[in-house]
Amino acid sequence: MTAAASVTNKLDEMGRPAWIAVMIIGFIVFWPLGLAVLAYLLWSGRMGCHARGSDRFERKMQRMHEKMDRMRSRMGGRDWWERSPSSGNAAFDEYKAETLRRLEEEQDAFHDFLERLRMSKDRQEFDQFMAERRGKDTTSGTDRPEERPEA
């Protein structure tokens, strides 16, 4: 058994705090040594980050799926984006559906209006830029730096 293996076994017996102390001392004495100890701890799995971390993630995902299944069962198998259940009054349900349809149409019309407004503003700014540029081209050649006469 080599000296390195016996030190490793001894530190393993003392647990995680011993490994952390060795790593900190390594950083204090010579930072590459501390970095090497840190890399060894992560690579060897002695800190237990990988095994418990992935298992923990799997448990979280499982709990999330269970919650989603419970929510779907409460909603009668519908997804959250579907319409709400009937109120029991057909006239009210028809009124509600018509109002929601009208609001969606108004929202689409408003988005179209905003798009036209943006295009109009962009066109106006572009036209102004082109007019200014054409104005510089028609003036004397002294406004353009590449055409200035050399003295």
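- Both Trp43 and Leu41 are members of a single hydrophobic cluster when ILVMFWY side chains are connected at heavy-atom separations under 4.5 Å.
- Using a 4.5 Å heavy-atom threshold, the side chains of Glu105 and Arg101 count as touching.
- Note: the hydrophobic cluster containing Ile25 does not contain Met23 (ILVMFWY, side chain heavy atoms under 4.5 Å, direct or indirect links).
- Of all the heavy atoms in Leu11 and Ala18, the pair that sits closest is CD2-CB, 3.7 Å.
- Cluster membership for Val29 and Val7, using ILVMFWY side-chain heavy atoms within less than 4.5 angstrom, is not shared.
- Between Phe27 and Leu33 the shortest side-chain heavy-atom distance does not fall below 4.5 Å.
- Looking at His65 and Met68, their side chains never come closer than 4.5 Å, going by heavy atoms from C-beta outward.
- Within 6.0 Å of CD in Gln124 there are 12 or fewer heavy atoms belonging to other residues, nucleotides or ligands.
- Put simply, CD1 on Ile24 and CH2 on Trp19 are 14.0 Å apart, with the number rounded to the nearest 0.5 Å.
- Between Thr99 and Leu103 there is a side-chain heavy-atom pair separated by less than 4.5 Å.
- A salt bridge is absent between Glu98 and Arg102: the closest approach of a Lys/Arg side-chain nitrogen to an acidic carboxylate oxygen does not fall below 4.0 angstrom.
- Using a 4.5 Å cut-off on side-chain heavy atoms (C-beta onward), Asp112 and Arg116 make contact.
- Classification of Arg118 and Glu115 as a salt-bridged pair holds, one side-chain N sitting under 4.0 Å from a carboxylate O.
- Enclosure of atom CE in Met130 by more than 12 non-hydrogen atoms of other residues, nucleotides or ligands within 6.0 angstrom is indicated.
- Interatomic distance, Met119 CE to Leu117 CG, rounded to the nearest 0.5 Å: 11.5 Å.
- Note on Lys136 versus Glu132: no salt bridge recorded, every NZ/NE/NH1/NH2 to OD/OE distance being 4.0 Å or above.
- At least one side-chain heavy atom of Tyr40 sits under 4.5 Å from a side-chain heavy atom of Thr8.
- From Asp127, atom CG reaches atom CZ of Arg134 across 7.5 Å, with rounding to the nearest 0.5 Å.
- The cluster map of Ile, Leu, Val, Met, Phe, Trp and Tyr, joined by side-chain heavy atoms under 4.5 Å apart, puts Phe30 and Leu38 in different clusters.
- Residue Val37 is grouped with residue Leu42 when hydrophobic side chains (ILVMFWY) are merged at heavy-atom distances under 4.5 angstrom, including chains of intermediate members.
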